[in-house]
Amino acid sequence: MRLRIAERLKESQNAAASLTTFNEIDMSSLMEMRKKFKDQVLKEHDVKLGYMSAFARACCLALKEIPAANASIDGEEIVYRDYVDISVAVATPKGLVTPVVRNAENMNFVEIEKEIAALGKKARDGKLTIEDMAGGTFTISNGGVFGSLYGTPIINLPQAAVLGMHTIKDRPVVVNGQIVIRPVMVVALTYDHRLLDGREAVTFLVKVRDYLEDPRKMLLA
C-alpha cells in the first residue's frame with residue numbers, strides 16, 4: 001500500500017499543474033451550531049456531529065456553482081459531472097486512504113457523518129475494498145486533527161482539486177472596526193491549473209468560506 005501511495009502521489013506531481021490558494025474561515029457560527037446540536041444528533045442518530053459534514057456540504061454547493069472543480073481530464077476530453085463523490089482522507093496504520101462518500105450532494109449533515117463514520121471504521125479495520133476508494137470527484141483532507149496549521153495537499157488524480165482543512169486557532173481579527181478574538185481555520189485548495197484558472201479556484205474557496213461562516217446559507221442553497 002505504501003508503494004502504491006507513493007506512485008500515485010508522484011504521478012500527481014508530474015502530471016498536474018498544481019497551484020494552491022489559501023483562505024481563513026471564522027469558525028464561530030459553525031462551532032456554535034455544533035455545540036448546540038451535537039448531543040441531540042448523538043442521541044437521535046448515534047453519530048457524532050463533527051466539522052467534516054459541514055465542509056462536505058459546503059463543498060457540494062460550491063462545486064455546483066464552479067463545476068470545473070468537480071471535473072477531470074480523460075485523454076483529450078474534460079469530463080464534467082452533475083454529482084459529487086467526495087473522497088475523504090483517512091489515516092490508517094498502513095497509510096493514508098481516501099474512501100468515497102457517494103452522491104454527497106443529496107445528503108444532509110447527519111447522513112454525511114454516518115457515511116464518513118462507516119467508511120472510517122472500515123478503513124481502520126482494514127476492510128476497505130477497491131470499490132470503496134474508486135471514482136471520487138473531489139477530495140477533503142483534514143490535517144487539523146493532527147495539529148497542522150498550514151499545508152498544501154496533493155491532488156488526488158484524476159480529480160481537479162483537493163481541500164485541506166487545518167487546526168482551529170484563536171486569533172485577533174477585525175470585526176466592524178473592532179479587534180476581537182475568533183476561532184479561525186486556515187483552509188487550502190490545491191487545484192489543477194489545466195482545469196481551473198485562478199479566478200475559479202479563488203471563487204470556489206470564498207464560496208466555501210461564506211457557507212461555513214454562516215451555515216444557515218446552506219439551508220437556502
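Computation of the quantities below employed the complete heavy-atom set of this structure, encompassing side-chain atoms and omitting hydrogens, waters and symmetry-equivalent molecules. In this chain, numbering begins with 1 at the start of the sequence shown. Only a predicted model underlies this, so the values are computations on that prediction, with no experimental measurement involved.
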Side-chain contact, heavy-atom cut-off 4.5 Å: [X] with [Y]?
X: I25; Y: V184; result: no
X: L128; Y: M133; result: yes
X: K114; Y: M107; result: no
X: V180; Y: P172; result: no
X: V162; Y: Y191; result: no
X: S53; Y: V110; result: no
X: T203; Y: E200; result: no
X: M52; Y: V88; result: yes

For the backbone of [Y] and the side chain of [X], can you confirm whether one donor and one acceptor N or O come within less than 3.5 Å of each other?
X: H166; Y: G151; answer: yes
X: D132; Y: T129; answer: yes
X: D192; Y: A17; answer: yes
X: N70; Y: Y80; answer: no

If you count every heavy atom of other residues, nucleotides or ligands that lies below 6.0 Å from [X] atom [atom1], does the total exceed 12?
X: E77; atom1: CD; result: no
X: E7; atom1: CD; result: yes
X: I179; atom1: CD1; result: no
X: K64; atom1: NZ; result: no

Answer yes if [X] and [Y] sit in the same cluster of Ile, Leu, Val, Met, Phe, Trp and Tyr residues linked by side chain heavy atoms under 4.5 Å apart, and no otherwise.
X: V100; Y: V97; value: no
X: I155; Y: L196; value: no
X: I116; Y: F109; value: yes
X: M31; Y: F55; value: yes
X: V145; Y: V90; value: no

What distance separates [X] [atom1] from [Y] [atom2], expressed to the nearest 0.5 Å?
X: T152; Y: F22; atom1: OG1; atom2: CZ; answer: 6.0 Å
X: K169; Y: M27; atom1: NZ; atom2: CE; answer: 14.0 Å
X: C60; Y: D85; atom1: SG; atom2: CG; answer: 9.0 Å
X: S72; Y: L195; atom1: OG; atom2: CG; answer: 7.5 Å
X: I86; Y: N103; atom1: CD1; atom2: CG; answer: 11.0 Å
X: L49; Y: M33; atom1: CG; atom2: CE; answer: 5.5 Å

Checklist line | Residues K48, E113; criterion salt bridge (Lys or Arg N to Asp or Glu O under 4.0 Å); working and verdict | finding: CA-CA 7 Å; K48 293 181 179 179; E113 290 290 359; over 6 Å; no
Under 3.5 Å, is there a donor-acceptor pair between the [X] and [Y] side chains?
X: T20; Y: T190; answer: yes
X: S87; Y: Q159; answer: yes
X: R57; Y: N108; answer: no
X: R216; Y: S29; answer: no

Notebook entry, point to check: Are F138 and L163 close enough, and set up right, to give a side-chain contact (heavy atoms from CB on, under 4.5 Å), and what steps lead you there?
Noted result: CA-CA 8 Å; F138 182 85; L163 181 77; 3.9 Å; yes
Check: Under the salt bridge (Lys or Arg N to Asp or Glu O under 4.0 Å) criterion, do R209 and E24 qualify, and how do the steps go?
Finding: CA-CA 7 Å; R209 180 200 67 192; E24 293 182 339; over 6 Å; no
Next item on the list: Tell me, with the steps shown, if L157 and E11 meet side-chain contact (heavy atoms from CB on, under 4.5 Å).
Entry: CA-CA 8 Å; L157 286 182; E11 177 189 355; 4.3 Å; yes
Note to self: If you apply the rule salt bridge (Lys or Arg N to Asp or Glu O under 4.0 Å), what do you find for D125 with K121, and how did you get there?
What the structure shows: CA-CA 6 Å; D125 293 344; K121 185 177 188 306; 2.8 Å; yes
Check: Can you check side-chain contact (heavy atoms from CB on, under 4.5 Å) on S18 and I154, steps first, answer last?
Finding: CA-CA 8 Å; S18 297; I154 295 179; over 6 Å; no
Next item on the list: Answer yes or no: is there an ion pair linking E65 with K207, defined by an N-O contact shorter than 4.0 Å?
Entry: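 Salt bridge: yes.
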Next item on the list: Any chance you could lay out the side-chain contact (heavy atoms from CB on, under 4.5 Å) test for V84 and R102, step after step, and finish with the verdict?
Entry: CA-CA 7 Å; V84 182; R102 309 285 176 187; over 6 Å; no
Check: Looking at D210, V187, I66, which hits side chain to side chain contact (heavy atoms under 4.5 Å, CB included) with L205?
Finding: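 One option only clears the test, and that one is V187.
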Margin query: Quick check with a 6.0 Å cut-off and a 45 degree axis cone: is R34 positioned over the face of Y51's six-membered ring?
Written below: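 Output yes; distance and angle both within limits.
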